[in-house]
Protein chains: 2
Amino acid sequence: MAERYSIGQMARIGNCKVQTIRYYEQIGLLPEPERSAGNQRIYNRAHMNRLGFIRHSRELGFSLDRIKEILALTDDPSHSCETVDQIARRHLLEVESRIKRLQSMRKELKRMIDRCSGNKVADCRIIEALSNHQLCLSERHPPE
Amino acid sequence: MAERYSIGQMARIGNCKVQTIRYYEQIGLLPEPERSAGNQRIYNRAHMNRLGFIRHSRELGFSLDRIKEILALTDDPSHSCETVDQIARRHLLEVESRIKRLQSMRKELKRMIDRCSGNKVADCRIIEALSNHQLCLSERHPPE
DNA sequence: TTACAACCTACAGTCGTTGTAGCTTCAAGA
DNA sequence: TCTTGAAGCTACAACGACTGTAGGTTGTAA
């Protein structure tokens, strides 16, 4: 019943290279999986999901250390509520700031594409839209 | 009238190190600025905005190569519409996929925090929420 | 006018990954 | 059953995007 995945299948679904997965194992982000008689790694669905989480988080720009921290929360249910609350809230603030910035990037890209369907790219304002120093500041001094 | 910024001020606003800015100059992502009599870099508002765009994009997980591509569009208004359209649309798809993933991350973080205000972290589902392989797949085979 | 922070170049080190070399294992068809 | 080619293994070097350090110079404010 238990699904079994080779490292190659993991890499395909995680949208990364085989070596990346071995690297995650090496630094303790993924647990050492079982091995086949011939010493090849055998993963299960839990590994797959964990890798999925890591890869999405990486693509969204979070550091491996940050990801490790979040995973630790979910690995050990004995964490105090304060700890979870602190880390999760901090992460949430960052996630929300990223959503905001991506939304303004989306708006400007759409504007660019629309305008282009006219004829000239003459005045592209994507830089102005995203240089927006207010956003930086609000991230560094979150309103609390 | 023209605002003048030192490399240190740039770094502060761009939320990065001074060396990072020199590095961007070195690889041609930022233009060489004027220099003072004593050979120190002098930036203006345009540099500032450009740096802001780069830094936001980086924090949102885009590669310098991708950023260079987008900046090239805005630098040279003589690009053909097809080029702009292609690159901008591709970027837009990725931005939208990231927004989606961040939104599901946000949802799970909120759930985590709420639940915690009860008492136990017992069942955290952030991994399941974000391992979501549908999302990967839809990104790699965007619905066209 | 001095003293100290901020700048300069040049180069080494780090993090997260990717590539290469040289070998072994697995699976599928002759 | 044999073989052959893809996929796996370890070990280690190289890459992209920074970050730190050394050793010196400039800018500014008391």
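In this text the structure is predicted, and so the values were computed from the model without any measurement. Chain A is the first sequence line, chain B the second, and so forth, proteins listed ahead of strands; every chain is numbered from 1.
Where A/Gly38 and A/Ile27 meet DNA chain C, the nucleotide closest to each residue was compared, and A/Ile27 sits on the side nearer the 5' end. Position along DNA chain D of the nearest nucleotide to A/Gln9 versus B/Ser63 favours A/Gln9 as the more 5'-ward residue.
Rounded to whole Å, atom C1' of C/dT25 lies 5 Å from atom CD of A/Gln40. Atoms OH (B/Tyr43) and P (C/dA6) sit 16 Å apart, rounded to a whole Å. Distance, A/Arg35 CZ to C/dT25 P: 13 Å, rounded to whole Å. C/dC8 atom P lies 11 Å from atom CE of B/Met10, rounded to whole Å. In this entry the distance linking CZ of A/Arg66 with P of C/dG16 reads 13 Å, nearest Å. The OH-P distance, from B/Tyr23 to C/dT14, rounds to 18 Å in whole Å. Straight-line distance from the CD atom of B/Glu32 to the C1' atom of C/dT9: 14 Å, rounded to whole Å. The CD1-P distance, from A/Ile54 to C/dG16, rounds to 12 Å in whole Å.
No donor-acceptor pair under 3.5 Å is formed between the side chain of A/Ser97 and the backbone N or O of A/Leu93. Between the side chain of B/Arg98 and the backbone N or O of A/Leu60, no donor-acceptor pair lies under 3.5 Å.
Side-chain atoms of B/Arg50 and B/Tyr24 form no donor-acceptor pair, as typed in the model, at a separation below 3.5 Å.
Each of A/His47, A/Arg41, A/Arg45 was scored for a side chain to side chain donor-acceptor pair (under 3.5 Å) with A/Tyr5, with one residue passing: A/Arg45.
Within a 6.0 Å sphere centred on CD of A/Glu34, heavy atoms belonging to other residues, nucleotides or ligands number 12 at most. Heavy-atom neighbours of A/Lys68 NZ from other residues, nucleotides or ligands within 6.0 Å: above the threshold of 12.
A heavy-atom distance below 4.5 Å is found between the side chains of A/Leu92 and B/Arg106.
Here A/Phe62 lies out of heavy-atom contact (under 4.0 Å) with every strand.
Between B/Arg41 and the phosphate of C/dC8, there is a side-chain N or O to OP1/OP2 separation shorter than 4.0 Å. The side chain of A/Thr20 places an N or O atom within less than 4.0 Å of a non-bridging phosphate oxygen (OP1 or OP2) of C/dT18.
The span of DNA chain D lying next to chain B, judged by atoms under 4.0 Å from heavy atoms, is bounded 5' to 3' by D/dA17 to D/dG27.
When hydrophobic clusters are built by joining Ile, Leu, Val, Met, Phe, Trp and Tyr residues whose side-chain heavy atoms come closer than 4.5 Å, directly or via intermediates, B/Ile27 is grouped together with B/Phe62.
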Polar-atom pairs under 3.5 Å, protein N or O versus N or O of nucleotides 19-23 of chain C: list them with distances, or write none.
unit_1: C/dG19; atom_1: OP2; unit_2: A/Lys17; atom_2: NZ; d: 3.2
unit_1: C/dG19; atom_1: N7; unit_2: A/Gln19; atom_2: NE2; d: 2.7

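Expressed to the nearest 0.5 Å, how far CZ of A/Arg4 lies from CD1 of A/Ile42 amounts to 4.0 Å.
Between B/Arg90 and B/Glu69 there is a salt bridge, since at least one side-chain N of the basic residue sits less than 4.0 Å from a carboxylate O of the acidic one. Ion pairing between a basic and an acidic side chain is recognised when a charged N comes within 4.0 Å of a carboxylate O; B/Glu59 and A/Arg101 show such pairing.
Each end of the helix from C/dT1-D/dA30 to C/dA30-D/dT1 gets its own axis from five base pairs, and the two axes differ in direction by 20°, given to 10 degrees.
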task = Any chance you could lay out the side chain to side chain contact (heavy atoms under 4.5 Å, CB included) test for B/Ile7 and B/Gln40, step after step, and finish with the verdict?
result = CA-CA 8 Å; B/Ile7 197 169; B/Gln40 303 201 349; over 6 Å; no
